[in-house]
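Heads up: the structure comes next, in structure tokens.
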There are 2 protein chains.
Amino acid sequence: MAPSGKLYRRLADSIAAEIEAGRYKVGERLPTERELAELHGVSRPTLREALIALEMLGMIEARHGLGIYVTRAQLPVTAATYDFEIGAFELIEARRLFEGEAAALAAATIDDDQLAELEGLLGLMADEDELKGEEADKGFHMVVARATGNGAIIATVENLWELRNRSPLARNILTRARGSGLTPRIIEHTKILDALKAHDPAAARQAMRDHLERVIEHLLHATETEALERAQAESKARRKQIARRVAI
Amino acid sequence: MAPSGKLYRRLADSIAAEIEAGRYKVGERLPTERELAELHGVSRPTLREALIALEMLGMIEARHGLGIYVTRAQLPVTAATYDFEIGAFELIEARRLFEGEAAALAAATIDDDQLAELEGLLGLMADEDELKGEEADKGFHMVVARATGNGAIIATVENLWELRNRSPLARNILTRARGSGLTPRIIEHTKILDALKAHDPAAARQAMRDHLERVIEHLLHATETEALERAQAESKARRKQIARRVAI
DNA sequence: CTGCTTTTATTGGTCAGACCACTGGATTGA
DNA sequence: TCAATCCAGTGGTCTGACCAATAAAAGCAG
């Protein structure tokens with residue numbers, strides 16, 4: 001990735017690199033802001049902006065009157081720190097596995113209010129407005145996640161959706177694929193809802209997996225941009241590799 | 001959570017709240033830094049610090065010479081934005097489901113180098129040094145995630161580990177539980193490794209689930225702090241609710 | 001000497017005002 | 001008409017100062 005033109009951004013990268021390299025270790029105190037600023041040849045406000053960025057990423061922690069402490073040596077690969085390409089297929093593959101489990105759990109924990117909410121979202125999903133339809137789609141999956149009552153699961157599902165928005169490649173492919181005959185997804189969502197209504201975990205898991213499998217299939221057969229074709233080739237090779245062993 | 005004493009932090013919360021409330025919509029440009037500073041009665045440097053925090057969280061985007069644009073109306077619940085308590089049991093429940101699937105997939109994609117790496121980590125896991133042992137533990141799970149070759153899965157597993165570190169409650173409970181007879185985890189990890197060696201997805205899934213199930217069981221029977229007892233009660237009620245329906 | 005209170009040096013937090021650098025549209029001139 | 005130029009607006013950076021929290025040193029009462 002090309003270095004951002006903004007100084008505080010490059011500074012943050014630079015300091016992060018130093019920490020990752022072990023120049024400053026976890027638990028240790030960094031030099032004072034004034035010293036760091038001079039070390040890097042920048043003003044203190046700019047240095048502070050870089051530190052705040054690193055603090056948001058959870059790498060350091062500034063304590064008033066005490067100093068700046070390293071809390072993590074390596075940045076976790078989260079949506080916030082996301083900086084490289086994750087393919088569209090990778091994302092959906094992950095969602096297929098994880099959201100399948102989330103649906104299974106939700107089948108056991110969902111209540112009537114949430115079922116009604118899902119029913120309402122199904123109606124909006126066919127909205128002529130592209131954005132409304134997409135929001136309804138995300139809403140459906142988030143309600144399922146929320147129905148598990150497990151904050152970690154909610155955070156994970158949301159994070160996966162977030163990764164999609166962060167990755168230009170994945171976003172382009174996925175939003176382009178929308179519209180072009182992806183509308184049968186309403187039927188698939190209905191199947192998921194039915195399984196949840198029946199409180200049948202296995203059926204819910206299968207319905208969710210089927211749904212996302214269809215999305216993958218759809219992407220495999222659509223032919224549009226060059227980027228998509230590359231992604232398709234990559235995905236086919238990958239699926240072949242997996243199939244070489246045994247079905248998951 | 002008590003509002004952070006730092007002004008730029010409160011400012012960021014305040015602006016984030018305005019955006020979430022729809023005061024500024026996605027795609028729109030918000031007022032200039034100078035205007036925002038005056039609006040909130042703070043100096044421009046402080047205002048900028050708040051904006052940089054929001055930018056790191058992916059809510060806004062500042063473009064030189066143009067202005068500041070809203071990119072997301074709602075902050076995703078990720079490790080970086082994490083600000084409330086997620087119980088230790090929630091975390092492990094999520095890991096049990098997700099990492100189980102990751103292990104299943106990894107069984108089909110893992111290569112010999114990664115298998116050797118896992119073997120090496122097993123040796124370190126019994127290290128007398130608590131921290132070393134914990135690092136080996138995390139390392140093991142991360143190698144399994146990495147073996148899937150799926151960036152989204154890697155990011156997810158890492159994010160779950162991150163959530164644990166962010167949640168004081170979960171961290172306290174989990175690190176306290178370590179040591180006190182949790183060492184049989186080496187046997188459990190060996191089982192996971194065996195299933196991966198055999199490239200047997202079902203066995204890998206089961207071994208990973210068993211492992212994390214044991215961790216849950218261990219926490220349920222340990223009796224120590226008050227926080228842990230509350231968490232236990234919460235978890236028992238939750239598991240009863242789930243069992244009321246059917247096994248997942 | 002002990003133990004509490006006060007002072008002080010250090011460090012992050014905030015402020016003020018200025019100037020630089022980038023952007024897009026308005027202005028100008030061929 | 002259209003391309004080059006200019007210019008107003010906006011984020012980016014700098015300087016230097018003062019405020020506020022912290023811990024350790026200094027002072028003091030017992």
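Just so we're clear, the structure is a prediction, and the values are computed from it rather than from any experiment. Quick note on labels: first sequence line is chain A, next is B, and so on, each numbered from 1.
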### Query
Please walk me through it: do I19(A) and I15(A) pass side-chain contact (heavy atoms from CB on, under 4.5 Å)?
CA-CA 6 Å; I19(A) 293 176; I15(A) 296 175; 4.2 Å; yes
### Task
Measure across A50(A) and A12(A) and return the closest heavy-atom pair with its distance rounded to 0.1 Å.
CB-N, 3.7 Å
### Which atom of A102(A) lies closest to which atom of T148(A), heavy atoms considered
O-CG2, 3.4 Å
### Message
Between E55(A) and K6(B), does any side-chain N to carboxylate O distance fall below 4.0 Å?
### Response
yes
### Query
Rounded to whole angstrom units, what separation is found between the CG atom of L36(A) and the P atom of dG13(C)?
13 Å
### Query
Just by distance, do the side chain of T46(A) and the backbone of V42(A) share a donor-acceptor pair under 3.5 Å?
no
### Message
Give me each pair satisfying ring-ring contact (aromatic ring centres under 6.0 Å, His included) with a member in residues 141-160 of chain B, each pair once, sequence neighbours excluded.
### Response
H141(B)-W161(B), H141(B)-H189(B), H141(B)-H211(B)
### Query
Counting N and O atoms only, with roles assigned by atom type, does the side chain of R48(B) sit under 3.5 Å from a partner on the main chain of E49(A), one being a donor and the other an acceptor?
no
#### Entry: Value in whole Å for how far the C1' atom of dG13(C) lies from CG of L11(B)
13 Å
### Query
If you take all heavy atoms of L212(B) and I92(B), which pair is closest and at what distance?
O-CG2, 3.6 Å
### Message
What does the B/S/- profile of nucleotides 10-20 of chain D look like, 5' to 3', with a 4.0 Å heavy-atom cutoff to protein?
### Response
BBBBBB-BB-B
### Task
Could you tell me the separation between the CD1 atom of I52(B) and the C1' atom of dG13(C), rounded to a whole number of Å?
15 Å
### Query
Given axes from five pairs at either end, by how many degrees does the helix from dC1(C)-dG30(D) to dA30(C)-dT1(D) bend, rounded to 10°?
10°
